[in-house]
Amino acid sequence: MSIFASRDTRVIVQGITGGQGMFHTERMLEYGTAIVGGVTPGKGGQSVLGLPVFDTVEQAVAATGANASVIYVPPAYAADSIMEAALAGLSLTVCITEGIPILDMMKVHHFLKGRSTRLIGPNCPGIITPGETNLGILPGNICKKGRVGVVSRSGTLTYEAVDQLTALGIGQSTAVGIGGDPIRGTGFLDVLEAFERDEETLAVLMIGEIGGSGEEQAALYARDCMTKPVAAFIAGRTAPPGRRMGHAGAIISGGKGGANDKIAAIRACGIPVADTPDLLGQTLLEAARRAGIDEALLH
Amino acid sequence: MKIHEHQALTLLDEAGVPNAGGQVAFTPEEAAAAARALGGDRFVVKAQIHAGGRGKAGGVRLAEGEAGVREAAQALLGATLVTPQTGPNGKVVHRLLVAPALSIAREYYLSLLLDSENACLVFMASTEGGTEIEEVAKQTPEKILRQAVDPIIGLRDFQISNLAAGLDLKGEARKDFFAVVRGLYRLFLEKDCSLIELNPLVLTDEGRLLALDVKINFDDNALMRHKELAALRDELEEDPREVEAAKSKLSYIPLDGTIGCMVNGAGLAMATMDIIKAFGGEPANFLDVGGGASAEKVAAAFSILLADQKVRGILVNIFGGIMRCDVLAEGILEAAKAVSLEVPLVVRMKGTNAEKGAEILRTSGLPIHYEPDLGRAVHTIVSLTKEGA
């Protein structure tokens, strides 16, 4: 088992004929992702990397039986692509696109209410279930199949987390990059709930950053409703207030969302937080040891 | 993106929001001419900088007549204002707003901003105008009124009415308030704003409601569909290094430390600053070269880091996913040769083709410390920059 995506996930790539889309489609195919086609409006009937290209998601679903998509569409059109994926009935859509206007995402957020489509992202590295499937841009070669769930707001910090776990001999069930934008689909809480339900997952590593309060809410959930150990890291202790640190969502504003308050709130829920980013794997391992499951993680 | 108050006032005009008006001036002569054109005897001369807290810093002056305005303009233009929002170095005043002085009966606060948690826009209003709203929120949170707008339904009149009742506005002032709120909402959507703040919104002795000071910020992600806003950018207000970095599509924020860092990814870049500090060093900057940085981007990043006189050493921390470490290593060599590197350089690379990249650095003959372990890499750069002190 895994969360959100497995070897049975049938994937179409929205924006498959673009540079980014084509480049990453090739990498995902190499990893073994079950990609069944692509969509670029106006380019239906073409073929890319041996895959059929369709004008619409609806056509692609009808022809291929796809149930998920990955979006590499430019920011001006990405909101449209997400809504199209949802209306076509896909159960999962992963939006890699960075730089979508916030008012567009506001509409997307409300469009998705009451629909069954799960959105991961935007502005995220995607999701990988090691040994099964890879939807997005995460480097598959650093992952190892196993039993730790990873969730993160940042792309390269996700790589860092996965790499440190793999180096310790700890595999991952699924790693999810939820993205750095202020309005996003799947949040920390959703991912923690899914990891708690997933039999394959025994422990969770959560990588957050300054801004917002998703990490704090997730920590409360972990304290009250989770049976599995969670370890965490929060980036941005040295970030100056009022400055957007790359990610649109990574900003300390009005005295809220600072790293130290976040870390204190998470620790108060009994979750160990790594002091520095070189200790992500170690901190998870110690949390597992305290829960008496470290041996199981190493197998 | 931020804009000046006088530019924001023009946008308010276009949106039908009553405001105190005024004219922009770049010289004392223009300021005097503005006073002449506006008419009346009493004026306010306001420094136009991209930071709040101007009043307390002496950036807003009352002036009598044309001569008084000229005098105030002479004092303000070219002066450096230090406010809690400018940082310790302050900001130089290059332009002024000259506006008629009003007789003010009451000051209110009104803003429209994004509530990201609920994915909607929210109006915030308060009778405690003219002060720092963060303070009001902290001390007397009950004095802040909120109205969240449903993005599908849009703004409804009863919501404006609720806010007006909370502010105890009656008669003409209440009518004006409807125009203000509707105008702000329309402007926010039309121009993809990220914040509109009227502080204060004032009730004059004549019983009319006017925006006296306004701040508008725009969503950077949406500037692509608002070419008309590009003309409002004032690069003098931005750090020249940040402007340079933005041209190379690098995300750069200067800080006060001595260790320059170049990292791919915003989260990892923040985390790298954190670990430098935790190990006893001080980061000189935040610099994210992006997920798929090219050799040219790396070279541009190097010249920005080295232009900072405080930098005594550089730490490169790259986790190659899309980006290949051998390509990165070539970029580093090129840049190091081009800029004649005189400070210690520690490179930490992981991920795709890391070994190949390491080999390129090792055989380059350049004094580059390669260290794949993050903790050790940071220790190395911290001790190297301390020795150099």
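Quick note on labels: first sequence line is chain A, next is B, and so on, each numbered from 1.
Within residues 271-285 of chain A, the residues having any heavy atom less than 4.5 Å from a heavy atom of chain B are, in residue-number order, A/Thr276, A/Pro277, A/Asp278. Interface residues of residues 98-108 of chain A toward chain B, defined by a heavy-atom distance below 4.5 Å and sorted by number: A/Gly99, A/Ile100, A/Pro101, A/Ile102, A/Leu103, A/Asp104, A/Met106.
Of the atoms belonging to A/Phe233, it is side-chain heavy atoms, and not backbone ones, that fall under 4.5 Å from chain B. Within the 4.5 angstrom heavy-atom criterion, no atom of A/Thr158 approaches chain B. For chain A, the nearby parts of B/Leu189 are the backbone and the side chain; heavy atoms of each come within less than 4.5 Å. Contacts of A/Arg244 with chain B are made by both backbone and side-chain atoms, with heavy-atom separations under 4.5 Å. The contact between B/Met224 and chain A is made entirely by side chain atoms (from C-beta outward), counting heavy-atom distances below 4.5 Å. In this structure, the portion of A/Glu209 lying under 4.5 Å from any heavy atom of chain B is its side chain and not its backbone.
In this structure, the side chains of A/Tyr77 and A/Thr97 stay at 4.5 Å or more apart for every pair of heavy atoms. Two residues are said to be in side-chain contact when any heavy atoms from C-beta on lie closer than 4.5 Å; A/Ile71 and A/Ile96 fail this criterion. A heavy-atom distance below 4.5 Å is found between the side chains of B/Leu328 and B/Met349. Between A/Phe111 and B/Ile152 there is no side-chain heavy-atom pair separated by less than 4.5 Å.
Pairs engaging residues 268-284 of chain B under the side-chain hydrogen bond (donor to acceptor under 3.5 Å, both in side chains) rule: A/Thr238-B/Asp274, B/Thr272-B/Asn317, B/Lys277-B/Glu282 [sequence neighbours left out]. Within the structure, no pair that satisfies the salt bridge (Lys or Arg N to Asp or Glu O under 4.0 Å) test touches residues 119-128 of chain A, not counting sequence neighbours.
Per-residue heavy-atom pair counts under 4.5 Å with chain A were compared for B/Ala119, B/Ala266, B/Gly257, B/Ser251, and the maximum is reached by B/Ala119. For chain A, the option among B/Lys138, B/Lys350, B/Gln85, B/Arg225 with the highest count of heavy-atom pairs below 4.5 Å is B/Arg225. Contact count versus chain A (heavy atoms, under 4.5 Å) is highest, among B/Ala271, B/Ala222, B/Pro283, for B/Ala271.
A salt bridge links B/Asp308 with B/Arg241; the closest basic N to acidic carboxylate O contact falls under 4.0 Å. At a threshold of 4.0 Å, the pair B/Glu371-B/Arg376 counts as salt-bridged, since one of the basic side-chain nitrogens sits closer than that to a carboxylate oxygen.
Between B/Phe218 and B/His226, a ring centre-to-centre spacing not shorter than 6.0 Å is recorded.
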